[in-house]
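All values derive from a computational prediction rather than experimental measurement. In what follows, chains carry the letters A, B, and so on, assigned in the order in which the sequence lines appear, proteins first and then strands, with residues in each chain numbered from 1.
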Number of protein chains: 2
Amino acid sequence: MHSFTEENYLKAIYHLLVRRQSATTNDIAASLGTKAASVTDMLKKLSDKKLIHYARYQGVTLTTNGESIALGIVRKHRLWECFLVEKLNFKWDEVHDMAEELEHISSAKLIDRLDEFMGCPAYDPHGDPIPNNKGQIINQQLQPALQLSKHQSGIIAGVADHSPAFLQYLEKTQLIIGETITVTDLSDYDISVSLKTTNKEMNISREVAKNILIAI
Amino acid sequence: MHSFTEENYLKAIYHLLVRRQSATTNDIAASLGTKAASVTDMLKKLSDKKLIHYARYQGVTLTTNGESIALGIVRKHRLWECFLVEKLNFKWDEVHDMAEELEHISSAKLIDRLDEFMGCPAYDPHGDPIPNNKGQIINQQLQPALQLSKHQSGIIAGVADHSPAFLQYLEKTQLIIGETITVTDLSDYDISVSLKTTNKEMNISREVAKNILIAI
DNA sequence: TATAAAATTTAGATTAGCCTAAATTTTTAA
DNA sequence: TTAAAAATTTAGGCTAATCTAAATTTTATA
């Protein structure tokens with residue numbers, strides 16, 4: 001099959017394309033914690049294998065084949081996260097590193113059985129959609145809570161920041177997936193957003209509001 | 001931590017020491033599917049890391065540290081096999097290769113949670129004992145069914161051959177872990193062993209009888 | 001629109017793990 | 001007990017993935 005390294009490159013490229021519509025050498029290096037020169041080497045190899053479209057100095061996109069491998073990795077990552085949270089009782093901020101290893105377990109049969117065991121979930125614990133075994137994935141239309149206008153309500157459906165620190169903050173303040181929030185105040189000169197949930201009212205920073213994603 | 005390769009060497013050495021009381025360069029090479037020269041290279045490295053006791057031309061043994069790493073890998077392998085069989089409904093002849101990958105997932109917390117989730121099983125689906133999280137393992141006293149004398153009974157508790165072909169044969173003939181068998185005939189010039197189980201009587205070859213392990 | 005800055009690629013090395021072929025040591029057996 | 005066979009190690013090389021430093025290309029800006 002493909003090496004862990006190749007899989008990680010394809011996944012990083014996939015995420016960059018989804019989140020920023022482009023994947024450049026430097027961006028890939030930053031997201032993998034390697035150097036640009038190493039990325040260039042790997043881009044040549046992935047290009048030779050027809051997993052990416054690559055022209056020197058021009059950035060990359062995934063071929064159909066490359067994208068389907070990337071989606072397979074994403075599927076495994078997210079299904080394992082479901083398992084870790086729902087069956088092994090891990091918190092949503094604890095599972096990323098473990099899933100980062102588990103996503104490279106190769107058996108397709110295993111992942112399909114795991115999918116079944118988990119009841120074929122559509123979303124992982126962070127609200128990210130799980131590709132099915134054909135590589136089809138729900139195209140989420142979410143917006144940052146910061147874009148809600150005063151008195152507008154929405155349901156928390158995802159996060160734009162997956163860092164443990166942010167996830168722990170949300171857990172602590174009960175701003176979790178599925179919760180309905182209503183913006184009570186939002187002013188230009190104030191650095192915070194006021195909102196209420198089912199149980200309480202609170203203030204969050206604009207930075208936090210930017211990273212809480214609302215279903216449209 | 002340690003590389004997958006190092007872990008695989010330590011595990012192979014552990015199994016050789018358990019099964020044959022010695023681990024030589026050629027044996028290690030054979031069990032890992034590599035060449036003796038490669039093994040020598042790795043033995044030097046493991047010795048430098050104080051994971052094995054190694055003197056040129058003399059074979060190896062594990063240090064306390066090396067053995068505890070090996071037992072950790074064995075623990076993970078066998079717990080994942082339990083999970084695959086009991087939760088994901090795989091057959092006992094299908095799980096080896098998947099467990100071979102899963103055993104390298106590093107998180108100790110994950111494996112302890114998995115242990116708990118599975119109800120802290122003492123044995124894996126093939127009857128092999130599972131080390132606890134302190135590296136303690138039940139020392140099994142088993143004997144090949146071939147050593148039973150005529151009219152003697154015993155309970156199948158393990159297998160000496162883990163190959164899918166052998167496991168499938170046992171499955172098909174219902175000679176599975178926990179089954180009580182009684183030897184009805186066993187003669188020097190006959191190449192087969194006659195026995196009866198709860199439901200039926202049958203003949204098995206001496207080769208098969210040698211690989212079925214009975215609790216003493 | 002030239003030129004400085006930023007981004008990217010190339011060149012040349014390094015490390016882990018593996019290999020083959022040759023040399024060495026140990027074991028076996030005549 | 002010594003010569004042949006077997007086991008093991010050494011020597012020298014290969015590949016994948018990484019790095020730094022230097023060269024090249026693109027982009028931004030004065």
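Between A:Y9 and A:F4, the gap from one ring centroid to the other reaches at least 6.0 Å. Centroid-to-centroid, the aromatic rings of A:H77 and A:H96 come within less than 6.0 Å.
If you take CG of A:L43 and C1' of C:dT9, they are 11 Å apart, rounded to a whole angstrom. Spacing between atom CD of B:Q58 and atom C1' of C:dT25 amounts to 10 Å, rounded to whole angstrom units. Here the P atom of nucleotide D:dT9 and the CG atom of B:L46 are 13 Å apart, to the nearest Å. As a whole-Å value, the separation of A:I28 CD1 from D:dT18 P is 13 Å.
Look at A:E94 and A:K91 and you find no salt bridge, because none of the NZ, NE, NH1 or NH2 atoms lies under 4.0 Å from a carboxylate O. The pair B:E103-B:K11 meets the salt-bridge criterion, since a charged nitrogen lies less than 4.0 angstrom from a carboxylate oxygen. A salt bridge links B:E207 with B:K210: the distance from a Lys NZ or Arg NE/NH1/NH2 to an Asp or Glu carboxylate oxygen falls below 4.0 Å.
An OP1 or OP2 oxygen of D:dT18 is reached within less than 4.0 angstrom by no side-chain nitrogen or oxygen of A:K35.
Taking each heavy atom of A:S149 and A:L186 in turn, the nearest pair found is CA-CD2, 4.3 Å.
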When you compare the protein's N or O atoms with those of nucleotides 10-16 of chain C, which come within less than 3.5 Å of each other, and at what distance?
unit_1: C:dT10; atom_1: OP1; unit_2: A:R56; atom_2: NE; d: 2.9
unit_1: C:dT10; atom_1: OP2; unit_2: A:K44; atom_2: NZ; d: 2.7

Inset, instruction - Indicate for each nucleotide in nucleotides 2-7 of chain D, in 5' to 3' sequence, whether protein heavy atoms under 4.0 Å reach the base (B), only the sugar-phosphate (S), or nothing (-). - result: -----S

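For the pair B:R113 and A:F90, the cation-pi test (distance below 6.0 Å, angle within 45°) is passed.
The residue A:Y9 sits close only to the backbone: its heavy atoms come under 4.0 Å of sugar-phosphate atoms, none of a base.
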Inset, instruction - Report the C-alpha distance between A:D115 and A:R75 in whole Å, list the side-chain angles of each, state the deciding distance to 0.1 Å, and finish with yes or no for salt bridge (charged side-chain N to carboxylate O under 4.0 Å, His left out). - result: CA-CA 9 Å; A:D115 190 20; A:R75 168 173 164 78; 3.2 Å; yes

